[in-house]
Amino acid sequence: MRMRQSLAQLERAFVEEIHQDRDRRESLRRAAAQRARQRRFQRETKRSSLRFALLSLTLIATAVIVTVAMFKALYLVMG
């Protein structure tokens, strides 16, 4: 009787350990997925900041070039 009881306890402990292992793996998988989403979000934020800076510089450069060309044309017409 004692042997059967210890086997039953071992089986219960084994089943419990399997459940804990599954829970732990699921938790690790969720954490890894969360980290991946966070890294993707940071990359996208960095890229959009870079795109915004390039767009701003392009607009400023265009305004400067147009202004210079306009004054040169005005100088040629007036002068």
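All figures in this text were calculated on a predicted structure; none of them were measured in a lab. Quick note: residue numbers are just sequence positions, from 1.
Not counting sequence neighbours, Arg12 has no partner by the side-chain hydrogen bond (donor to acceptor under 3.5 Å, both in side chains) test.
Taking NE2 of His19 as the reference point, atom CZ of Phe14 lies at 10.5 Å (rounded to 0.5 Å). Distance check, rounded to the nearest 0.5 Å: CD1 of Ile18 to CG of Asp23 gives 12.0 Å. One finds the CG atom of Leu10 at 11.0 Å from the CD atom of Glu17 (value rounded to the nearest 0.5 Å). To the nearest 0.5 Å, the span separating CG on Leu55 from OG on Ser48 amounts to 12.5 Å.
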Listing, residues 32-44 side-chain donor-acceptor contacts under 3.5 Å, not counting sequence neighbours, or none:
residue : atom : partner : partner atom : Å
Gln34   : OE1  : Arg37   : NH2          : 2.8
Glu44   : OE2  : Arg47   : NH1          : 3.3

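Environment of CD in Glu26: crowded, with over 12 heavy atoms of neighbouring residues, nucleotides or ligands closer than 6.0 Å.
Alongside Phe52, the hydrophobic cluster contains no other residue (criterion: ILVMFWY side chains under 4.5 Å).
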